[in-house]
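Have a look at the structure below, then the notes.
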Amino acid sequence: MYQGFRNILLCLLPVICVLNTQAQQPELDACNITWTRQSRSSAESMPCGGGDIGLNVWVEKGELFCYLSRSGAFDEHNIMLKQGRLRVKLTPNPFENGTQFRQTLHLRQGYVEISGSKGPLQANIRVWVDVFHPLIQVEVNSNQPVKATARYESWRTQDRLLSPGELLASSGYKGSTIPVTAYHDSIAFHENQVLFCHRNRDDKLIFDFTVQQQGLNTIRSQLWNPQRGLTSGGAMWGSNMQAAGTVTGKYQNTPYTAWQLQSRQAARKHTINVLLHVDTINWHQGLQQQIAAAAGSSFEKTQAWWQQYWDRSFIFIQKDTNTVEWQASRNYQLFRYMLGCNAYGAYPTKFNGGLFTYDPVFVNKAAPFSPDYRRWGGGTFTAQNQRLVYWPLLKSGDFDLMTAQFEFYRRALQNAEARTRFYWGHAGASFTEQMENFGLPAASEYGWNRPPDFDKGVEYNKWLEYEWDTVLEFCLMMLDWERFSGQDISKYLPLIESCITFFDEHYQYLAALRGGAALDSNGHLVLYPGSAGETYKLTNNSATTIAGLYTVTSRLLELPIADSTRTKLQAFLKRIPPLSFRNMQGHTTISPAQSWQRINNQETPQLYPVFPYGMYGIGKPGLDTARNTWLYDTDAIARRSAVGWKQDNIFCARLGLTKEAAYYTLEKLKNGPNRFPAFWGPGFDWTPDHNQGGSGMIGLQEMLLQTDGKHIYVFPAWPVKWDVHFKLHAPYKTTVEGILKDGKIVKLEVVPKEREKDVVVMVE
């Protein structure tokens with residue numbers, strides 16, 4: 001049973017608040033990853049990155065390899081292109097077989113260090129990415145002069161037809177019989193640099209194909225098109241290096257051509273630079289400007305950025321590195337590092353691998369494709385997956401990382417509203433569950449064999465049809481972002497209001513088509529047909545839709561909005577139908593909907609009113625009903641799992657079920673099947689599985705800290721035997737740092753101090 005310790009806490013705080021928050025970092029260095037054996041393949045790579053660039057770094061057969069990725073590098077088909085592969089070899093080679101070897105990811109400073117020796121020859125390589133410039137640097141230092149060869153390797157040297165299985169890299173063309181060609185890059189030497197780029201062919205864009213397929217040609221000029229003219233690529237150069245011709249080869253399943261730079265003479269120091277640039281206008285000019293700006297690159301400034309990143313928040317469990325609890329908290333830091341590598345991307349971190357995918361054959365032997373491949377596409381975004389990557393950033397205080405996801409929806413608002421007006425003649429933004437980066441449904445999900453009389457605005461897809469409500473999670477996320485960080489969200493309010501307007505107007509429109517009344521006899525909307533996740537289909541009054549609309553509308557009404565908007569929202573709030581309930585094993589439980597036609601998937605949307613929408617939870621009415629849903633709903637019981645996007649650990653934490661929350665969270669955050677322990681997956685998606693990492697992070701945070709309005713609950717689902725040192729964020733620009741040791745609280749610091757009165761400490 002939980003006990004509140006508010007009064008004891010208030011007595012302790014004057015003493016314990018004097019502890020220095022910044023002296024918290026000794027545990028982080030223990031989380032560094034060190035390997036003393038070289039890698040067998042890219043599957044044994046290590047992440048490194050910064051800004052919006054990610055590298056897979058590994059040493060294989062004495063040579064350094066890096067896959068290069070940058071946010072927003074989408075081709076004509078919305079495939080997220082790797083920006084090539086860097087290979088570095090030293091002569092004489094201190095990394096040849098039989099040498100001493102060490103490779104370490106230094107989390108605190110955000111770089112990878114590689115050292116090796118063979119006989120008297122010793123060398124050290126530092127690989128890092130500048131947070132403030134799109135620049136990758138490989139710095140070689142040796143105790144004897146060596147020569148360096150740097151290769152830029154590309155597999156996109158000629159046009160080629162994608163195989164049917166490979167179309168999943170596009171996702172929009174998945175299942176299509178249309179021939180799809182992957183187009184070649186432009187690569188050449190220029191004044192001892194290697195210049196490389198992929199410019200989208202404006203007559204081959206999947207945007208145009210999608211608009212045509214979905215019957216939107218007459219409003220094409222109204223639609224935002226981010227693909228036109230998009231060019232991605234960069235330049236490679238090195239100190240004391242000159243062009244040395246091209247060679248060809250094959251890595252794993254993929255032939256490549258390499259453009260080589262070699263040092264003019266042996267030296268003890270070499271620096272190899274790769275700058276990546278993505279733009280839609282004047283790409284070459286922009287590249288040169290970026291190269292000039294990168295002359296001011298500073299490793300020290302990047303180190304300082306990473307230090308403040310780690311100072312924001314952390315969770316360190318136990319000190320015994322042999323325990324699964326310590327392993328889970330270490331992997332929490334590793335995954336948060338991977339998220340930090342796309343802090344400032346033009347596009348959100350992708351759920352299906354982020355910036356760190358590698359040769360797909362090592363994920364699935366049936367996928368012998370190029371390194372550009374990932375299942376579920378690159379420029380196709382799936383809302384229920386993306387949300388789990390971004391929810392944990394609130395409590396970790398990584399507010400700056402969240403704007404890429406918010407801007408994704410804000411940019412696409414124009415298209416979402418245009419399609420609503422075109423198809424149904426009313427207002428509001430219709431965002432589908434799986435859509436391209438320009439805001440329209442992926443062509444494959446819209447459907448290849450649609451009946452001629454099927455609603456033109458609905459995806460002809462048994463998984464996704466009528467699933468409009470997933471955008472509401474991002475609306476709530478924006479509202480929470482404002483509440484946590486104090487940021488102005490005025491530019492996002494039109495988006496949130498438009499999403500609400502869609503549900504109000506669309507379901508009145510559908511009801512009026514069926515009969516003479518737009519509302520039911522109680523004055524409520526009839527949310528039919530709808531969907532509860534991808535699981536309960538053709539629903540009437542889905543729990544996910546009701547909870548989303550109720551929570552988002554209620555939260556909007558708490559903001560200082562215009563009187564006319566307030567009146568409209570208050571009226572809409574009254575039109576939202578209540579949740580439905582059902583009796584399961586003799587207990588009242590939340591029903592996934594009032595009714596449904598079939599069950600497709602294995603989600604548990606009847607618990608979405610618990611997470612993410614927070615209608616039930618610690619300190620709130622109806623907690624027993626929500627717990628009964630977890631304990632007695634036979635559908636929920638059958639679907640329990642810790643794999644991928646499953647969120648049972650989060651449900652249990654929100655319900656105060658400590659034992660269960662601990663079990664499922666440890667299952668999520670324990671070492672994955674790959675050499676780098678936070679490369680989970682593929683789960684339901686791909687490797688690295690960012691859904692598994694994100695949901696694991698959320699669960700661990702919720703076990704430690706939950707909030708309801710201004711109330712802050714500390715240790716609401718935390719095993720008292722787990723020693724922990726944590727710092728997390730709460731609403732109203734608040735941080736809570738605590739240390740629990742041997743079952744006793746030895747530190748609890750709340751900033752600002754006036755928020756101490758809102759804290760309730762809970763222990764078993």
Determine whether Pro609 and Leu579 make a side-chain contact, defined as any pair of heavy atoms from C-beta on separated by less than 4.5 Å.
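SC-SC contact between Pro609 and Leu579 confirmed.
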Side chain proximity check, Leu527 to Pro577, heavy atoms < 4.5 angstrom:
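Result yes, sub-4.5 Å side-chain heavy-atom pair found.
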What residues, two or more places apart in sequence or in another chain, satisfy salt bridge (Lys or Arg N to Asp or Glu O under 4.0 Å) together with Glu445?
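Checked Glu445 against salt bridge (Lys or Arg N to Asp or Glu O under 4.0 Å); matches are Lys174.
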Donor on one side chain, acceptor on other, [X] and [Y], under 3.5 Å:
X      : Y      : value
Arg755 : Tyr732 : no
Asn691 : Asn385 : yes
Lys727 : Ser313 : no
Thr539 : Ser531 : no
Lys668 : Ser695 : yes
Tyr423 : Asp455 : no
Thr589 : Asn628 : no

So if I apply the ring pair (Phe, Tyr, Trp, His ring centres under 6.0 Å) rule between Phe502 and each of Trp468, Phe572, Tyr507, which one comes out positive?
Trp468
Start with the C-alpha gap between Asn600 and Thr535, add the side-chain angles, then the distance that decides, and say whether side-chain hydrogen bond (donor to acceptor under 3.5 Å, both in side chains) holds.
CA-CA 5 Å; Asn600 272 5; Thr535 299; over 6 Å; no
Would [X] and [Y] pass as an ion pair if we require N to O under 4.0 Å?
X      : Y      : answer
Asp398 : Arg336 : yes
Glu754 : Lys733 : no
Glu407 : Lys491 : yes

Taking the side chain from [X] and the backbone from [Y], do they hold a donor-acceptor pair closer than 3.5 Å?
X      : Y      : answer
Arg410 : Leu495 : no
Thr551 : Ala547 : yes
Lys537 : Glu534 : no
Asn522 : His524 : no
Asp648 : Ser641 : yes
Arg582 : Ser591 : no
Asn415 : Trp224 : yes

Closest heavy-atom pair and its distance - [X], [Y]:
X      : Y      : value
Phe399 : Leu394 : CE2-O, 3.4 Å
Ala442 : Gly172 : CB-CA, 4.2 Å
Thr604 : Phe651 : O-CZ, 3.9 Å
Ile219 : Ala418 : CD1-O, 3.9 Å
Arg566 : Leu557 : NH1-O, 2.7 Å

Does the side-chain contact (heavy atoms from CB on, under 4.5 Å) test come out yes or no for Leu559 and Leu479, once each step is laid out?
CA-CA 9 Å; Leu559 296 178; Leu479 293 163; 3.7 Å; yes
Distance-only donor-acceptor hits, side chain of residues 431-439, under 3.5 Å, sequence neighbours excluded:
from   : atom 1 : to     : atom 2 : distance (Å)
Glu433 : OE1    : Gln384 : N      : 3.3
Glu433 : OE1    : Thr470 : OG1    : 3.0
Glu433 : OE2    : Gln384 : N      : 3.2
Gln434 : NE2    : Thr382 : OG1    : 2.8
Glu436 : OE1    : Asn78  : ND2    : 3.0
Glu436 : OE1    : Thr380 : OG1    : 2.9
Asn437 : OD1    : Asn78  : ND2    : 3.2
Asn437 : ND2    : Asn78  : OD1    : 3.1

Just grab all the ring-ring contact (aromatic ring centres under 6.0 Å, His included) pairs involving residues 526-549, residues at least two apart or on different chains.
Tyr536-Trp596
My understanding is that only residues two or more places apart in sequence, or in another chain, count here; which of them pass side-chain contact (heavy atoms from CB on, under 4.5 Å) with [X]?
X      : result
Ala661 : Cys652, Ala653, Met703
Tyr509 : Trp424, His426, His506, Leu513
Phe454 : Arg450, Pro451, Val458, Tyr460, Tyr466

side-chain contact (heavy atoms from CB on, under 4.5 Å) between Ile698 and Phe611, intermediate numbers included
CA-CA 10 Å; Ile698 299 165; Phe611 176 84; 4.1 Å; yes
Selection [range] - residue pairs positive for salt bridge (charged side-chain N to carboxylate O under 4.0 Å, His left out), sequence neighbours left out:
range            : result
residues 416-430 : none
residues 502-514 : Asp504-Arg575
residues 376-388 : Arg387-Glu473
residues 704-715 : Lys620-Asp708

Does NZ or CZ of Arg411 fall inside the cone over Phe406's six-membered ring, less than 6.0 Å from its centre and within 45° of the axis?
no
Validation row, ring centre Trp305 to ring centre Tyr309 under 6.0 Å
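Under 6.0 Å, so yes.
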Contacts of Phe381 that satisfy ring-ring contact (aromatic ring centres under 6.0 Å, His included) - sequence neighbours left out
Phe408
Can you name the residues that form a ring-ring contact (aromatic ring centres under 6.0 Å, His included) with Phe684, not counting sequence neighbours?
Trp645
Show the numbers, then the answer: is there a side-chain hydrogen bond (donor to acceptor under 3.5 Å, both in side chains) between Asp635 and Gln606?
CA-CA 9 Å; Asp635 290 349; Gln606 51 267 56; 4.6 Å; no
Take Lys646 and Glu603 through the side-chain contact (heavy atoms from CB on, under 4.5 Å) test and state the conclusion after the steps.
CA-CA 7 Å; Lys646 290 284 190 171; Glu603 301 149 321; over 6 Å; no
Please lay out, stage by stage, how Phe474 and Tyr409 fare under the test ring-ring contact (aromatic ring centres under 6.0 Å, His included).
CA-CA 9 Å; Phe474 296 97; Tyr409 276 101; 4.9 Å; yes
What verdict does the side-chain contact (heavy atoms from CB on, under 4.5 Å) test give for Ser554 and Leu573, after you've listed the backbone C-alpha separation in whole Å, the side-chain angles of each residue and the deciding distance to 0.1 Å?
CA-CA 8 Å; Ser554 300; Leu573 194 62; 3.7 Å; yes
